[in-house]
J.: 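Submitted below is the structure of interest, expressed as structure tokens.
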Amino acid sequence: MRLSRYFLPVLKETPSEAQIVSHRLMLRAGMIRQEAAGIYAWLPLGFRVLKKIEQIVREEQERAGAVELLMPTLQLADLWRESGRYDDYGQEMLRITDRHEREMLYGPTNEEMITEIFRSYVRSYRDLPKNLFHIQWKFRDEQRPRFGVMRGREFLMKDAYSFDLDEANARKAYNRMFVAYLNTFARMGLKAVPMRADTGPIGGDLSHEFIILADTGESQVFCHKDLVDMPAPGPNVDWDDLQAVVDQRTALYAATEEMHDQARFEAEAPEGARLSARGIEVGHIFYFGEKYSKPMKAVVAGPDGVERPVHMGSYGVGVSRLIGAIIEASHDENGIVWPDQVAPFKVGLINMRHGDEAVGAACEQAYAALTKAGVDVLYDDRDERAGGKFATMDLIGLPWQLIIGPKGLAEGVVELKRRATGERETLPLEAALTKLTAA
RNA sequence: CGGAGUGUGGCUCAGUCUGGUAGAGCACCGCGUUCGGGACGCGGGGGUCGCAGGUUCGAAUCCUGCCACUCCGACCA
């Protein structure tokens with residue numbers, strides 16, 4: 001992509017409404033534009049990142065056996081009356097009336113609808129297990145939206161729903177999502193720690209929040225230090241029996257403020273291993289048994305021919321929130337530092353001297369070669385001074401900067417800079433292209 | 001939902017207390033000089049001062065109401 005033809009409205013100054021660093025950087029880097037409180041337009045650069053994250057989430061869900069579908073954003077109020085949540089949900093739910101005076105709502109979540117879909121088709125235990133997910137926009141009319149996309153009213157969420165015959169099998173489904181989440185966040189360059197979460201009226205130990213540690217996190221969290229650097233299990237695990245993998249990560253103490261028990265913390269973690277930090281919740285999984293299947297009559301026949309409500313769980317990832325979380329965890333004084341896997345472009349190509357024939361030719365050559373090799377490259381071909389180009393590239397945080405200018409070319413070299421470390425090297429253009437293509 | 005605050009060109013803000021017909025920097029347009037980490041000179045365009053009433057000869061400024069947004073706290077991917 002040529003920057004001269006792209007739509008990248010970067011801001012030199014920090015918009016006054018943005019308080020936390022990820023929000024400021026997203027606005028400055030031209031990723032989002034606020035349209036109303038907690039409601040954002042995704043500008044091209046932000047949209048690219050959103051799609052990358054969405055795709056990683058999708059791939060890891062599918063790897064864990066979940067099947068994608070897409071449910072609508074608008075739902076009928078009657079469906080929510082079946083579960084009893086229409087009246088319970090309160091002001092957070094955006095209620096809408098259509099021209100026929102039918103009561104509808106903009107979905108804040110989809111347990112009711114997925115249960116309705118499931119019960120319409122599935123009759124037998126032989127069809128289980130099932131895990132269905134979608135990645136869809138949600139709306140929760142937050143009393144106080146803030147922190148940019150981290151706590152918006154409209155947000156993109158992946159939500160998966162598992163259906164099993166009994167609790168033992170539901171636990172297996174839960175474990176698959178548990179591991180899928182570890183792998184998902186690791187692929188984004190994040191260190192996510194699973195922490196015990198409130199299970200509500202169901203009880204039990206099957207609810208975890210996945211927390212990214214960041215100084216600007218919204219909640220206080222407590223955990224054993226070893227959990228932070230524990231590597232993700234990766235894809236090569238026995239997806240039918242993950243209990244050992246899960247146990248390894250739930251054995252050590254980890255809890256959010258609401259669930260924190262200082263005495264237990266001190267008993268289970270030696271003093272040097274106790275970590276108290278700020279965290280951002282990027283995922284939440286839980287098992288809720290028959291909570292919806294029972295009132296909504298989602299039943300299957302077991303081997304004995306007797307019908308019983310299915311055991312369900314739900315599993316959410318805040319896709320749009322993740323962008324804010326990643327930036328919180330990965331930035332410096334000059335701007336965003338994207339982890340390679342989620343960067344909107346891999347390479348920023350900087351033409352140091354717009355109008356210089358030799359420099360222009362070298363840039364075109366590099367641009368064509370990288371594009372042909374399938375490397376996402378953003379080519380700054382604008383007539384602007386070098387300082388501004390560097391500032392822009394640093395701000396938007398692409399992993400690599402390929403800098404081509406007259407001074408280097410006179411000696412037959414270009415400059416290659418790694419955004420994350422600031423490392424620079426000068427080398428011949430061909431060598432730089434080879435390196436970038438291989439990286 | 002309680003508490004605090006802010007709305008003035010695209011952005012950051014001054015002007016409001018003490019009413020007199022709207023400013024700066026950045027950004028944008030033109031010309032020229034520049035050019036390896038956010039250049040400089042000259043010229044130019046752009047704002048019914050959040051909205052609606054009111055007071056006044058005269059309102060960005062004073063009064064009333066409304067709206068939007070932000071921050072702190074209680075709640076959530």
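Here is how names work: the chains are called A, B, and so on, in the same order as the sequence lines, proteins then strands, and each is numbered from 1. What you see below is based on every heavy atom in this structure, not just the backbone, and it leaves out hydrogens, waters and symmetry mates. Here the structure is a predicted model, which means the values were calculated and not measured.
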J.: In whole Å, what is the span from the CG atom of A/D380 to the P atom of B/G37?
T.: 15 Å
J.: Please report the distance, rounded to the nearest Å, between CZ in A/R153 and P in B/A68.
T.: 9 Å
J.: If we only count heavy atoms from C-beta on, is the A/H331 to A/V21 side-chain gap below 4.5 Å?
T.: yes
J.: Is it the case that the side chains of A/S162 and A/Y174 hold a donor-acceptor pair, with the cut-off being a distance below 3.5 Å and no angle test?
T.: no
J.: With respect to A/M31, which candidate in A/I336, A/I396, A/L8 satisfies the side chain to side chain contact (heavy atoms under 4.5 Å, CB included) definition?
T.: A/I336
J.: Looking at every non-hydrogen atom in both residues, tell me the closest pair between A/I327 and A/S22 and how far apart they are.
T.: CG2-CA, 3.6 Å
J.: Select one nucleotide: of B/G38, B/C1, B/C76, the one nearest the side-chain heavy atoms of A/E384.
T.: B/G38
J.: Side-chain N or O of A/R353 less than 4.0 angstrom from OP1 or OP2 on B/C35?
T.: no
J.: Should B/U70 form a Watson-Crick or G-U wobble pair with both distances under 3.5 Å, which nucleotide is its partner?
T.: B/A4
J.: Heavy atoms from C-beta onward define the side chain here; which of B/G36, B/A77, B/A74 lies closest to that of A/R146?
T.: B/A74
J.: Strictly below 4.0 Å, heavy-atom distances to any atom of RNA chain B: list the hits from residues 22-34 of chain A, or just say none.
T.: A/R28, A/Q34
J.: If we call it a pair only when both distances are under 3.5 Å in a Watson-Crick or G-U wobble match, what pairs with B/U18?
T.: none
J.: How many Å lie between CG on A/D88 and P on B/C75, as a whole number?
T.: 18 Å
J.: What pairs with A/R382 under salt bridge (charged side-chain N to carboxylate O under 4.0 Å, His left out), at least two apart in sequence or on another chain?
T.: A/D380, A/E384
J.: Under a 3.5 Å limit for both distances, which nucleotide forms a Watson-Crick or G-U wobble pair with B/C31, could you say?
T.: B/G41
J.: Compare the minimum distances between each of B/G36, B/C76, B/U70 and the side chain of A/R321, then state the nucleotide with the smallest one.
T.: B/C76
J.: Would you say a side-chain N or O of A/S16 is under 4.0 Å from OP1 or OP2 of B/C13?
T.: yes
J.: For A/G387, which contact category applies under a 4.0 Å heavy-atom criterion: base, sugar-phosphate, or nothing?
T.: sugar-phosphate
J.: How many whole angstroms separate atom NZ of A/K417 from atom P of B/G37?
T.: 12 Å
J.: Under the ring-ring contact (aromatic ring centres under 6.0 Å, His included) test, which residues partner A/W80, sequence neighbours left out?
T.: A/Y89
J.: I'd like to know if A/E92 pairs up with A/R144 as an ion pair, taking the criterion as any Lys NZ or Arg NE/NH1/NH2 lying under 4.0 Å from an Asp or Glu carboxylate oxygen.
T.: no
J.: Identify the heavy atoms of A/R418 and A/D340 that sit nearest to each other, and give their distance.
T.: NH2-OD2, 3.0 Å
J.: Does a sphere of radius 6.0 Å around CZ in A/R95 hold more than 12 heavy atoms from other residues, nucleotides or ligands, not counting ones at 6.0 Å or beyond?
T.: yes
J.: Tell me yes or no: between the side chains of A/Q61 and A/K158, is some donor less than 3.5 Å from an acceptor?
T.: yes
J.: Measure from CD1 on A/I285 to C1' on B/A77 and round the result to the nearest Å.
T.: 13 Å
J.: Looking at residues 108-116 of chain A, who's got a heavy atom less than 4.0 Å off RNA chain B?
T.: none
J.: As a test of reading the structure: which of B/U70, B/A74, B/G38 is closest to the side chain of A/Q19, going by heavy atoms?
T.: B/U70
J.: Of all the choices, B/U12, B/A77, B/G36, which nucleotide is nearest to the side chain of A/I403 once you look at every atom?
T.: B/G36
J.: Using the aromatic ring of A/F390 (for Trp, its six-membered ring), decide whether it stacks on the base of B/G38 within the limits of 5.5 Å and 30°.
T.: no
J.: Could you tell me whether the side chain of A/Q75 and the main chain of A/T109 form a donor-acceptor pair under 3.5 Å?
T.: yes
J.: Between the protein and nucleotides 22-30 of chain B, which nitrogen or oxygen pairs are less than 3.5 angstrom apart?
T.:
residue: B/G25; atom: N2; partner: A/E13; partner atom: OE1; Å: 2.9
residue: B/A27; atom: OP1; partner: A/K12; partner atom: NZ; Å: 3.4

J.: Could you list the residues that satisfy side chain to side chain donor-acceptor pair (under 3.5 Å) with A/R85, not counting sequence neighbours?
T.: A/E111, A/E112, A/Y292
